[in-house]
Each structure stands twice: as C-alpha cells, then as structure tokens.
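Note that ligands are numbered from 1 as they come in the structure, with each ligand's atoms numbered from 1 the same way. Quantities reported herein were computed from a predicted structural model and do not represent experimental measurements.
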Amino acid sequence: MNPLQNADLHCHSTVSDGTLSPEDLAARASGNGVELWALTDHDEISGQHRAAAAAKTHGMRYLTGTEISVTFIGQTVHIVGLGFDADDIQLREGLRRTRGGREERAMEMSAGLAKVGIQGAYEGALKFVGNPELISRTHFARFLVESGVCKETNEVFRKYLTEGKPGFVPHRWASLKDAVGWITGAGGMAIIAHPARYKFTPNEEFALFTEFKALGGQGVEVVTGSHTVSEYATYADTAREFGLAASRGSDFHSPDESHTELGTLPFLPANLTPVWDVLASRIQ
Ligand code: AMP
Ligand code: MN
Ligand code: MN
Ligand code: MN
C-alpha cells in the first residue's frame, strides 16, 4: 500500500456526536471514493460491528476505530485507536468508565447555562443525543443553534462551551497511559489526534509526544480536517522526528456542520509511513 490512498480514518456517527448512522456514513464515504475507512466514535466502540459490515457492502476495506478522551497536563487530548479487537474486554470496560462522568457533567453544564438565562439546556441537548451514555458538548451546541441563541455550533463553543465560558465544566478524562494501554492491549495502534488543536507550550507538546511514544503509541494524525496545510508539514516533521506513523482523517461529524467532507482531504505527504502499512494485518 502507499500514501496515495483514499483512507479516511477519523469520523463520528450517532453512536457519539455525529448526526449520521454508521450505515449512512459508510455509504457517504464510499460515494466519495474512500477505499479504507474507520469509524472513530468518542469513547465508544459499540458501532464497530455495524460499521465493518456496512463497509463490506460498499466494497471498502475497514479498520476498527475509536477516539479516546484523555487529560494530559490539564488539557483534553484525543487519542485515536485503530485496528484493535472490538470485543476486547479491557478496552470496552475502560471506555465504559471514561463515558461515566458525562451525565453529571452535562447537568453541571446545564446549570451553568441557566445562570446566564439559557433554560432547559440539558433536556434540549438530550433531544440530539443518539447514545444515552454519550452526551457531549456537541449536543448542547446543536440545541443552542436550534433555539436561536447562536447561528452555528462554532459560535456556541466560542461563547458558551470553552474554558472560562458559562457552559464549560472542567472534566477529568482517562490518563494517557490507560488510553494507550487499552488500545495496544487490544492489538491496535494508538495515534495522537489533531495535535495542532491543543494549546500546549512547545515543551508540553514535546512531553506529550515523548511520553506517548514511551507508552507504546505509534502514530500521529498529519492530514486532518482540524489542520491547516502548513500544519500538515509541521506534523509530518514531528512524525519523522519521533518515528511515528502518519494518519489521515476528516473528523467528519455532520453534513450540516463539518467543514471537511469524508474522503476529500489531500493525500499524506511523501516520506512518511502510513498507519495502514503498519496495520496491514488488521484490515478487514
Ligand atoms: P466533549 O467530548 O463533550 O468535550 O465534546 C468535544 C467535541 O466538541 C469535539 O469532539 C468536537 O466534535 C466538538 N467541538 C469542540 N470544539 C469545537 C468547536 N470550536 N466548534 C465545533 N465543534 C467543536
Ligand atoms: Mn466530536
Ligand atoms: Mn477530537
Ligand atoms: Mn473526532
């Protein structure tokens, strides 16, 4: 296989905070020419068997996937897992615990929003939730757009749902060690998602990559819907510097909200090892 392949290894369904079912996502990915696909719901793998079956009907190759929420030096970092055994007990149990605090966090978010005059946000967000164990900020954002408080979800995050804003509730997610351990323990590869999104100092970012690598992490997203073209080059260098394989994924959530469509990003830069080369034996 080679870097010039239409692999889309990062997207979300109704099993987490996407608006399409795994089956509809598979159809859309295939329609856009995706050859190798992975569904990576936040802290969830219950859509994996459906996604793999749907990929098969469209003639796409498939890698199992997830995106685990981790707390590292006070920030939320996302770790994508690919090519694991979706029936692995430790992974399933670890993800179940990671999902555990979301309900309470959502109630606190709602209380924070009520203080600035936005009533009923918890109930409102729930209408958009596809999986009762996975209420996320995205569902609150959809409610605030629907109720006319903001024009689009990006604006909701900026005004209400990010650090220091009324609907933001700090949360402790999984540790980096646990997330990488669950993924690799289930036979998969751990990958740092969209590294340019974090607000780390250069030293903190170095610590993230160093610790991740030491824990058995093997990949980094280089071409993602969250990166600019110049960030592709920055993290291609980081991948080479740390000896990490490179991944590519749109992070597609919804036809109405996502600015990056499934399977439409540029190919990986040359001189990188694609994650799908390392994971060749795990492709279904
Ligand atoms: P949570 O896991 O509940 O903290 O929600 C995180 C999710 O919110 C991410 O996976 C994104 O889908 C979404 N998100 C975060 N920041 C933004 C933003 N600025 N604009 C739109 N969506 C965002
Ligand atoms: Mn999301
Ligand atoms: Mn993410
Ligand atoms: Mn994502």
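Nearest to atom 1 (P) of ligand 1 by heavy atom, out of H42, H78, R105, H171, is R105. Residue F157 holds the heavy atom nearest to atom 21 (C) of ligand 1 of all those in F168, F157, W173.
H78 contributes ND1 as its N, O or S atom closest to the Mn ion (ligand 3). When you scan the N, O or S atoms of H253 for the one nearest the Mn ion (ligand 2), you land on NE2.
Here the protein heavy atom with the shortest distance to atom 6 (C) of ligand 1 is R137 NH2, 3.7 Å. With respect to atom 19 (N) of ligand 1, the closest heavy atom belonging to the protein is N154 OD1, 3.3 Å. Nearest protein neighbour of atom 12 (O) of ligand 1, counting heavy atoms only, is H253 NE2, 2.9 Å.
Ring centroid separation for the pair F242 and Y235 does not come in under the 6.0 Å cut-off.
Here the rule is side chain to side chain contact (heavy atoms under 4.5 Å, CB included) with F157, and of K165, E152, R137 only R137 fits it. The side chain to side chain contact (heavy atoms under 4.5 Å, CB included) with S247 is formed by just one residue from the set V222, V275, L268; it is V275. With respect to M189, the side chain to side chain contact (heavy atoms under 4.5 Å, CB included) criterion is satisfied by exactly one of V278, V80, I183: V278.
For ligand 1, the atoms lying closer than 4.0 Å to a non-hydrogen atom of R102 are 1 (P), 2 (O), 3 (O). Within the listing of ligand 1, atoms 7 (C), 10 (O), 12 (O) sit less than 4.0 angstrom from a heavy atom of D17. Of all the atoms in ligand 1, the ones that sit under 4.0 Å from a non-hydrogen atom of T138 are 7 (C), 8 (O), 12 (O), 13 (C).
Of the angles at the Mn ion (ligand 3), the one spanning OE2 of E67 and NE2 of H194 is 100° when given to 10°.
Side chain of E205 to backbone of P202: no donor-acceptor contact under 3.5 angstrom is found.
The distance from the Mn ion (ligand 2) to the nearest N/O/S atom of H42 is under 2.8 Å. Under 2.8 Å from the Mn ion (ligand 2) lies an N/O/S atom of D17, whether from backbone or side chain.
In this structure, H12 and H42 have parallel ring planes: the angle between them is below the 30° cut-off, well short of the 60° mark.
The closest approach between E67 and ligand 1 stays at or above 4.0 Å for every heavy atom of the residue.
The neighbour count for R172 CZ, taken as heavy atoms of other residues, nucleotides or ligands under 6.0 Å away, does not exceed 12.
Judged purely by distance below 3.5 Å, without hydrogens or angles, the side chains of H194 and E67 pair a donor atom with an acceptor atom. Looking at D17 and H139, their side chains never bring a donor and an acceptor atom within 3.5 Å of each other.
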